[in-house]
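The first residue of the sequence shown is numbered 1, and numbering continues consecutively from there.
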Amino acid sequence: MSVPNAGIAAAADSVEAEDSKQVRSEADLYGPTGNDGDGEDRPVAPDQFDPKYQTTKWEIWAYYSYYIGNNGLTLFNFAPTSFQNFLYEAGGDSGLLNFFGRDRTISSIVLLCNGISFAIQVVLFLLLGSLADYGRWRPFILIFWSVVAFGLGFGWLGVHTSNKWHVGVGLYMVGLIAYQMCITFWTAAFPGLARNTPEMRQRAEEYEAGQIDRDEYDFHDMMARNRISNNAFIAQSAAEILILATLVGILWGLDVNASAANNDWGLSVLIAYCTGWWILLAIPWFVFEKHRPGQAIPAGLNIITVLPWTLWRAIVQIWELKQTLLYLIGYFLLGDSLNTTVTVIATLQNTVVAYNTLTLTYLFIVGIAAQLIGIFGFWSIQKRFKLSTKVMFDAVMVGILLLDAWGMIGIWTQNFGFHHTWEFWLYQVFYGLFVCPWYSYSQIMISEVTPRGKEFLFFSLFSIMGKTSAFIGPIVSSAIIDASPTGNNSLPFYFLFGLTALSLALLAFFVDLKKSRIEQAAFLKRENAVKERRASVISQREVLNKKP
């Protein structure tokens with residue numbers, strides 16, 4: 001079992017005194033903290049291990065298996081496509097539908113559904129993320145939302161005509177919630193897996209024996225997390241190609257090009273088919289995941305009252321995590337830019353290939369194949385040259401900037417810049433090779449700036465920021481297009497290029513992961529002091545109450 005902050009010196013007696021202290025050096029936090037009995041202090045590794053919670057190869061492959069199943073094709077890709085397709089069909093020539101009491105455009109309905117879904121997600125992430133770091137019950141969060149997602153996936157079999165678009169609204173909104181819950185609480189588990197591997201146990205022993213220093217221990221910790229995250233994406237990409245290849249056969253069998261009705265039915269079948277794979281591939285993770293205990297609930301609190309306490313402490317103390325906040329801001333800005341870039345390109349793409357299910361599947365296959373090569377290439381280079389997570393993340397940001405530059409060229413000319421069919425095929429290749437590693441390395445970066453034992457809370461907070469960024473950029477981009485006399489759909493790339501450049505400058509030049517590790521240690525040290533002080537006060541109160 002990985003014990004948060006196990007290698008940090010004991011907290012001071014006074015919380016107020018501790019909070020007022022300034023951390024002046026790494027030695028204040030990473031210095032000797034154990035005694036071997038001969039009077040000589042020894043370093044204590046930040047991760048301590050219980051053999052029964054040691055990560056096994058079966059558990060790691062089960063972790064990969066879940067992600068192969070939850071590949072996004074169900075509720076994140078095909079379901080939104082089907083939902084919007086039904087809206088356009090039901091809207092007809094007017095492009096208007098009565099929704100929430102009045103006639104609205106298709107775009108307005110989609111934005112409103114996204115907004116409602118997002119608001120619900122914020123509440124759920126704050127509640128569940130705050131509680132998930134305590135006790136042993138957090139694996140059940142993923143199991144519950146996975147079951148919800150399975151039901152929704154098969155539910156689309158009953159919604160394959162435009163007259164049922166109202167039902168599609170519900171499936172779409174709840175589907176977005178279920179998908180985000182599943183992907184966030186699955187992702188948050190990988191730091192714990194990495195830090196409980198036999199390799200990290202060996203490194204901890206070497207560190208405590210003085211054979212390696214803290215920097216080398218942290219390097220191995222970083223590489224262990226990178227290995228699991230990147231290999232999960234590699235395994236998912238390779239398996240998803242096989243799933244997509246079988247989808248092509250199904251689509252030909254359904255003759256989706258014969259009519260709009262066949263195409264609509266084909267989308268519903270695809271969602272259900274991929275859901276079936278998700279169920280089969282999720283079961284190993286539900287079976288093999290070791291229910292590692294989280295933090296102990298502080299004295300005087302219970303599973304209900306610890307929620308406001310945790311949120312309040314996070315709000316009060318997170319300002320001390322300056323590097324985490326910098327990454328949070330940069331993550332928000334860059335996520336906003338990337339999400340909007342993909343949305344704008346998808347809008348341009350749909351004017352060329354529309355919602356043809358077969359063509360979209362072919363594009364997916366090309367994109368996923370490129371993603372497999374891209375993430376494998378990035379991880380291979382990182383291992384070969386022993387590069388940090390930060391270096392790899394910076395390289396991904398350059399790829400996003402080049403993508404926005406490509407779109408920006410399309411403002412000035414029709415010869416290049418997402419105006420031709422061949423460009424969207426090339427886009428899938430470029431996006432997979434140089435941009436898709438973002439989805440792995442941005443998550444690893446979250447683990448880099450998250451204090452030990454706070455993974456589920458912080459991954460939930462970052463998930464909230466990621467979802468927020470999915471709305472602001474599209475709204476600004478829509479306003480830019482509407483303000484243009486010509487209605488040029490490529491104009492948002494001016495805004496997106498500038499936003500990406502700003503994000504790159506902030507993240508590349510101001511985020512320092514070594515400083516972040518020191519800040520995290522200080523954060524946990526202060527929190528431990530608060531917990532010890534609280535326990536002491538409650539203990540003294542109980543003693544006084546027992547006196548006659």
Do Thr161 and Asp264 meet the criterion of a side-chain donor-acceptor pair at a distance under 3.5 Å? no
Check Glu455 with Arg195, please: is the shortest side-chain N to carboxylate O separation under 4.0 Å? yes
For Glu448 and Tyr441, test the side chains for any donor-to-acceptor distance below 3.5 angstrom and give the result as yes or no. no
Pair Asn114, Ser117: side-chain N/O donor-acceptor within cut-off below 3.5 Å: no
Quiz question: by atom type and distance under 3.5 Å, do the side chains of Tyr88 and Ser162 form a donor-acceptor pair? no
Judged by modelled atom types alone, do Thr55 and Arg292 share a side-chain donor-acceptor pair under 3.5 Å? yes
At their closest point, which heavy atom of Ile271 faces which heavy atom of Ser82, and how far apart are they? CD1-CB, 4.4 Å
Scan side-chain atoms only and decide if Glu423 and Trp406 contain a donor-acceptor pair under the 3.5 Å cut-off. yes
Between Thr74 and Thr275, is any side-chain donor less than 3.5 angstrom from a side-chain acceptor? no
Could you check whether Tyr53 and His291 have their ring centres less than 6.0 Å apart? no
Test item: Thr341 side-chain N/O and Ser337 main-chain N/O as donor-acceptor pair under 3.5 Å: yes
Any idea which heavy atoms bring Val396 and Pro437 closest together, and the distance? CG2-CB, 3.7 Å
Salt bridge (Lys or Arg N to Asp or Glu O under 4.0 Å) with Glu199: which of Lys57, Arg225, Arg227? Arg227
Write out all pairs satisfying ring-ring contact (aromatic ring centres under 6.0 Å, His included) with one or both partners inside residues 91-111, taking only residues at least two apart or from two chains. none
side-chain contact (heavy atoms from CB on, under 4.5 Å), that's the test. Do Phe462 and Gln443 meet it? Break it down for me. CA-CA 9 Å; Phe462 274 91; Gln443 300 302 308; over 6 Å; no
